[in-house]
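Below you'll find the structure, written out as structure tokens, and then a few comments.
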Amino acid sequence: MLNLYNSYTNSLREVELSKDEVKIYLCGPTVQSSPHIGHGRSSVVFDFFIRYLKYLDCNVQFVRNITDIDDKIIIKSAQQNIEFQELAKKVAAEFKDAYDSLNCLTPDIEPKATEYIDEILNYIKKILDKDMGYVSESGVYFDTAAFSDYLKLSGRKLDEVISGTRVDILDDKKAPEDFALWKFAKEGEPYWESVWGKGRPGWHIECSAMINAILGKDIDFHCGGNDLIFPHHENELAQSKAAYPDNEFVKHWLHNGMINLSGKKMSKSEGNIKILKDYIDQYGGDVLRFYFLRAQYRSPQEFSEELLIESKTTYKKISDFVIDSKPQPKNDELLSLFEECMNDDLNTPKLIGEIFTQMNNATNLENGMLDDIKATVKYIFEILGFTFKKNVTKKVSIEDTEKFFNQYEIIFDSVEQAMSEFLKIREKHRVEKNYQIADEMRTNVLEIGIKIEDGNKDGWSWNNN
RNA sequence: GGCGACGUGGCGGAGUGGCUACGCAGCGGUCUGCAAAACCGUGUACACCAGUUCGAUUCUGGUCGUCGCCUCCA
């Protein structure tokens, strides 16, 4: 009963799953510059989805690509005076760090475009063999006129596409809307050999070729940001249908909404990007995940530091609620609510509301019931990829932290151990009514970013606002 | 210009033809050595104008406004 919005039909559709094999392809990044909040949203939101499918006992095959060759990478690496591979490698590592910090599942396969050049060339050949592409002076192009269903995914009309201001009208293309499958290398550009000439793959062909090579002719879900619908996914669909006209290619097209800053889309071209790492370092992966959980994945989501702080506060309420519980599926009502919300096009904001309602009611329940609710809430959040690990602020160095504890003759091993001893010392002062010393300790520990809350079960937390 | 999405209380964000969503913030209180946390209480919001209806935030039509895409984008 999983219902998801399909961008191809523009409607909510019931998903029929064969649990033995669910194939998912997520359009990953072009590794040209550091990941921003928008990349984080796309990866986390589809991570919720994949984790949910696994919860439903699906055998998921998850592939996310890395585009490690394209015009921007060439330009940027030239500006930095390094090889394009070096830039791609460096940025790919940043993406990996971000994905890991956000606790996103690692794809089963994470192919890079440059590792699939042979497959790409064969795929282009297949398109040419079907007379749906042609070779010209600047490259090999897809002949959009030969594909009758072109623009069906994005729902555009041809004359509108042509009238777009950014269409690069090259004289050697049959039609302005034809797009490159293979770009011939200009002086000094990286290239691979091909029967048509030295060059590099166009942006869209790698996905068609890699999906085919890794997952096969048909996949269940193709995911990505909604800014990829046109032209990227439209062109990908055209290529795949051209090569394999009898296959559906993609059962469900899923697209996430954009991150907005003061109402405007965050994007490289707008120059208003927020670097993901800065916020992960400060708030931790769980808080970022919770922030993404607060919006339905297709809606535009506003980003601001205030909203992140709010996410932190709200998430803390949940993590405090479940702090002494083991994650277990104890409460059936709550589990049904969870499935109901997720089945409804991954309505995670609704889920949060339902969980809080249950939490609020739970305070009046007898202990056994309360424990079941706690265990189930924790279980649900762990399914959704939350770790409940204390966020370590990276604002204060380990050395300073050690030095701080040494003042109290505490040998630093881990923050947890040191804080436990620190709290014991302070508690002794409190018992002896040395309130001044106890209060000073509370104030001082703020230096290393730790906030003590006497009434809180946990006793302390990182205070990294 | 074309296509699409959307306009809910201070903010974020669900949902529904008649019943408190929820969270944050705010306000009042309990508790507390203090601070915080926690807990209790507290908010009649659904862009505008018509129409359908016993009744519309929810359906229909229109108006206004916001945002996205239109080959750089997650």
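Quantities reported herein were computed from a predicted structural model and do not represent experimental measurements. In what follows, chains carry the letters A, B, and so on, assigned in the order in which the sequence lines appear, proteins first and then strands, with residues in each chain numbered from 1.
- Considering A:F49, A:F249, A:Y8 in turn, A:F49 is the only one that fulfils the ring pair (Phe, Tyr, Trp, His ring centres under 6.0 Å) rule with A:F221.
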ask   = Tell me, what's RNA chain B's dot-bracket, Watson-Crick or G-U with both distances under 3.5 Å, | for other-strand, [ ] crossing?
value = (((((((..(((.....[...))).(((((.......)))))....(((((..]....))))))))))))....
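- Between the P atoms of B:rC19 and B:rU71, the separation comes to 47 Å (whole Å).
- Checked against side chain to side chain contact (heavy atoms under 4.5 Å, CB included), A:N260 has the following partners two or more places apart in sequence or in another chain: A:M258, A:K265, A:P300, A:E302.
- Between the NZ atom of A:K72 and the C1' atom of B:rA74 there is a distance of 14 Å, given to the nearest Å.
- Remark: A:E333 engages A:N331, A:Q358 in a side chain to side chain contact (heavy atoms under 4.5 Å, CB included) (not counting sequence neighbours).
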Just the table, please: protein N/O against nucleotides 24-28 of chain B N/O, every pair under 3.5 Å.
unit_1, atom_1, unit_2, atom_2, d
B:rC24, OP1, A:K317, NZ, 2.7

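- For the C1' atoms, the distance from B:rG4 to B:rG10 is 31 Å, rounded to whole Å.
- Going from atom CZ of A:F338 over to atom P of B:rC22 covers 22 Å, rounded to whole Å.
- For residues 95-105 of chain A, the salt bridge (Lys or Arg N to Asp or Glu O under 4.0 Å) pairs, not counting sequence neighbours, are A:K96-A:D100.
- In this structure, CD1 of A:I259 is placed 13 Å from P of B:rA74, rounded to the nearest angstrom.
- The separation between A:Y435 atom OH and B:rC34 atom C1' is 9 Å, rounded to whole Å.
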Mind listing the N/O atom pairs, protein and nucleotides 64-68 of chain B, below 3.5 Å?
unit_1, atom_1, unit_2, atom_2, d
B:rC67, OP1, A:K264, NZ, 3.0
B:rC67, O3', A:G263, O, 3.4
B:rG68, OP1, A:K265, N, 3.2

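- A distance of about 13 Å separates the C1' atoms of B:rU53 and B:rU58, rounded to the whole Å.
- Between the CZ atom of A:R298 and the P atom of B:rA5 there is a distance of 10 Å, rounded to whole Å.
- Considering only residues two or more places apart in sequence or on other chains, A:E354 meets the salt bridge (charged side-chain N to carboxylate O under 4.0 Å, His left out) condition with none of them.
- The side chain to side chain contact (heavy atoms under 4.5 Å, CB included) search around A:A185 returns A:E189, A:Y191, not counting sequence neighbours.
- Listed candidates were B:rG23, B:rC34, B:rA74. Nearest to the side chain of A:D439 is B:rC34.
- Not counting sequence neighbours, the partners of A:V31 by the side chain to side chain contact (heavy atoms under 4.5 Å, CB included) test are A:P29, A:I66, A:D68, A:I73, A:A88, A:V91, A:A92, A:F95.
- For the pair A:K174 and A:Y134, the cation sits on the ring face: its NZ or CZ lies under 6.0 Å from the ring centre, inside 45° of the axis.
- Atom CD1 in A:I309 sits about 14 Å away from atom C1' in B:rG12, given to the nearest Å.
- In this structure A:E110 satisfies the salt bridge (charged side-chain N to carboxylate O under 4.0 Å, His left out) test together with A:R64, sequence neighbours excluded.
- When the nucleotides B:rA36, B:rA74, B:rA14 are ranked by their closest atom to the side chain of A:K451, B:rA36 comes out on top.
- A sub-4.0 Å separation between OP1 or OP2 of B:rA5 and a side-chain N or O of A:N10 is absent.
- Across all strands, A:H255 comes closer than 4.0 Å to no nucleic acid atom at all (heavy-atom distances).
- Atom CZ of A:F230 is separated from atom P of B:rC69 by 13 Å (rounded to the nearest Å).
- Evaluation of the ring-ring contact (aromatic ring centres under 6.0 Å, His included) test over residues 347-374 of chain A, restricted to residues two or more places apart or in two chains, returns none.
- Rounding to whole angstrom units, NZ of residue A:K433 and C1' of B:rG33 are separated by 7 Å.
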Can you give each donor-acceptor pair under 3.5 Å made by side-chain atoms of residues 229-238 of chain A, sequence neighbours left out, with the distance rounded to 0.1 Å?
unit_1, atom_1, unit_2, atom_2, d
A:H232, ND1, A:H204, ND1, 3.0
A:H232, NE2, A:E236, OE1, 3.4
A:H233, ND1, A:H255, NE2, 2.8
A:E234, OE1, A:L153, N, 3.4
A:E234, OE1, A:S154, N, 2.6
A:E234, OE1, A:S154, OG, 2.6
A:E234, OE2, A:L151, N, 2.8
A:E234, OE2, A:K152, N, 3.2
A:E234, OE2, A:L153, N, 3.4
A:N235, OD1, A:Y150, OH, 2.6
A:N235, ND2, A:H204, NE2, 3.1
A:E236, OE2, A:H222, NE2, 2.5

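- Annotation: of the two residues near RNA chain B, A:G353 and A:F179, the 5′-most nearest-nucleotide partner is A:G353.
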